[in-house]
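Note sheet for the following structure.
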Amino acid sequence: MSEKKIPYKIYLSEDEMPRTWYNLRADMKNKPAPLLDPGTGKPMTAEQLEAVFCKELVAQELDNDTAHFEIPQEIRDFYKMYRPSPLVRAYCLEEKLQTPAKIYYKFEGNNTSGSHKLNSAIAQAYYAKCQGLKGVTTETGAGQWGTALSMACGYLGLDCRVFMVKCSYEQKPFRREVMKVYGSSVTPSPSETTNVGRKILAEFPGTTGSLGCAISEAVETAVSTPGYRYVLGSVLNQVMLHQSIIGMESKIAMDKYGVKPDVIIGCAGGGSNLGGLIAPFMGEKLRGEADYRFIAVEPASCPSFTRGKFAYDFCDTGMVCPLAKMYTLGSGFMPSADHAGGLRFHGMSSTLSQLYADGYMEAVSVNQTDVFAAAEDFARVEGILPAPESAHAILAAVNEAKRCRETGEEKTILFGLTGTGYFDLVAYEKYHNGEMKSVIPSDEDIARSLAQLPQVK
Ligand SMILES: *Cc1c(COP(=O)(O)O)cnc(C)c1O
């Protein structure tokens with residue numbers, strides 16, 4: 001099909017929408033390492049995990065073999081409210097860059113929560129509801145996950161208790177109020193409502209909190225409240241499974257026009273959007289059917305892949321969660337106040353970590369000020385105001401397209417545009433006022449944090 005026929009936006013009809021999620025692990029030779037019980041060093045059993053997570057989600061978490069999971073009708077109906085998300089051919093950006101590269105992006109910001117996180121939030125809330133639970137607890141950093149989960153719980157009539165990292169709670173009152181619109185209760189973390197919160201407050205009075213600490217509080221609340229379970233918006237296998245909807249839609253849309261990406265790029269916090277975007281393409285690569293380059297983009301302030309260690313570590317600061325084998329900077333690592341809040345997690349999905357360790361994926365880290373410059377250039381030509389997290393992928397895609405300009409290669413680039421930046425305008429303001437810094441941890445900072453990794457027998 002001739003190139004001109006490719007529209008600015010490729011949509012799918014309802015009939016063309018994926019009916020299944022794809023589980024990348026089914027095609028991996030080296031499976032991701034299991035979650036371990038920090039007490040015994042043994043793999044977590046389904047029974048142990050079910051004390052914390054919903055039963056059906058535990059089954060998905062532990063399933064390394066089933067390639068396709070049917071998406072329940074109720075979830076597909078909810079997806080129809082905001083999906084398919086558009087796959088955009090970035091003609092204007094190509095023109096601006098004067099590149100022979102063909103650039104596509106999958107835009108996940110077209111829903112009120114403003115990011116891809118709703119794809120997994122509705123799935124997790126649905127399985128909680130099916131189990132007959134009263135509600136769920138969770139943490140939120142920048143607020144995207146908490147907002148997405150609030151929307152999903154509001155829709156299904158589930159109670160939702162969100163622990164919001166204190167500095168975000170204070171700096172992002174709008175996010176907080178959106179969650180309340182959907183009926184959630186929002187508690188600044190660390191709080192006096194949990195043992196772990198009280199302990200952290202006693203040890204570090206005046207702390208503005210961290211994601212790891214909020215996770216500990218949410219888990220404690222879930223396991224100590226009857227009828228509640230904990231849900232997590234990234235990192236876990238189940239989340240990547242739900243996010244495969246991003247990649248499945250992208251692949252169906254590209255196949256429709258006979259387009260094959262050469263390189264696929266996504267920002268990586270805990271790895272869920274990237275894992276979801278690349279899933280069906282990585283599956284082809286793992287099965288030897290096609291080849292693609294995959295690039296994870298992370299902030300230089302929190303460089304889990306590029307400077308972390310592949311080891312078992314806690315997922316939370318309070319050390320109450322199971323151990324996951326992943327690229328990590330250490331669960332005590334406190335990243336600088338980078339504005340891409342969604343990318344400030346110390347670890348990385350164990351599935352993506354295994355793929356990276358096995359050489360199937362690349363990773364780069366980028367500076368915050370360069371990210372905001374790329375975000376603005378993008379907004380001016382493509383119209384969308386990107387979330388700072390998403391702008392990491394923009395920057396890497398633009399760099400790739402500029403290289404094509406030099407070499408004359410007509411590469412096809414696909415990147416994930418995970419969300420919008422309306423709630424990040426304080427960050428944009430700092431950038432405009434020249435107050436934004438790119439803080440990069442020293443080797444000593446990272447070594448000090450990694451020295452605290454748990455010993456695993
Ligand atoms: C949470 C978030 C991310 C990072 O999370 P992943 O699990 O790595 O995908 C990226 N972009 C946006 C807009 C987010 O809200």
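Remember, it's 1-based here, ligands and their atoms both numbered in the order they're listed. Numbers here are sequence positions counted from 1. As the structure is a prediction and not an experimental result, all values here were calculated from the model.
- Screening residues 50-59 for side-chain hydrogen bond (donor to acceptor under 3.5 Å, both in side chains), with sequence neighbours left out, gives no hits.
- The aromatic ring centroids of Tyr105 and Phe378 lie less than 6.0 Å from each other.
- Figure legend: cation-pi geometry between Lys96 and Tyr91 absent, as NZ or CZ is not positioned both under 6.0 Å from the six-membered ring centre and within 45° of its axis.
- Taking the ring axis of Tyr169 as reference, the NZ or CZ atom of Arg176 stays within 45° of it and closer than 6.0 Å to the ring centre.
- Looking at Lys102 and Lys411, their side chains never come closer than 4.5 Å, going by heavy atoms from C-beta outward.
- Centroid-to-centroid, the aromatic rings of Phe78 and Tyr155 come within less than 6.0 Å.
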Which N or O atoms of ligand 1 sit under 3.5 Å from a protein N or O, and how far apart is each pair?
unit_1: ligand 1; atom_1: 7 (O); unit_2: Ser234; atom_2: OG; d: 2.5
unit_1: ligand 1; atom_1: 7 (O); unit_2: Ser272; atom_2: N; d: 2.9
unit_1: ligand 1; atom_1: 7 (O); unit_2: Ser272; atom_2: OG; d: 2.7
unit_1: ligand 1; atom_1: 8 (O); unit_2: Gly269; atom_2: N; d: 2.7
unit_1: ligand 1; atom_1: 8 (O); unit_2: Gly270; atom_2: N; d: 3.0
unit_1: ligand 1; atom_1: 8 (O); unit_2: Gly271; atom_2: N; d: 2.8
unit_1: ligand 1; atom_1: 9 (O); unit_2: His116; atom_2: NE2; d: 3.1
unit_1: ligand 1; atom_1: 9 (O); unit_2: Ser272; atom_2: OG; d: 3.3
unit_1: ligand 1; atom_1: 9 (O); unit_2: Asn273; atom_2: N; d: 2.8
unit_1: ligand 1; atom_1: 9 (O); unit_2: Asn273; atom_2: ND2; d: 2.7
unit_1: ligand 1; atom_1: 11 (N); unit_2: Thr418; atom_2: OG1; d: 2.7
unit_1: ligand 1; atom_1: 15 (O); unit_2: Lys117; atom_2: NZ; d: 2.5
unit_1: ligand 1; atom_1: 15 (O); unit_2: Gln144; atom_2: NE2; d: 3.3

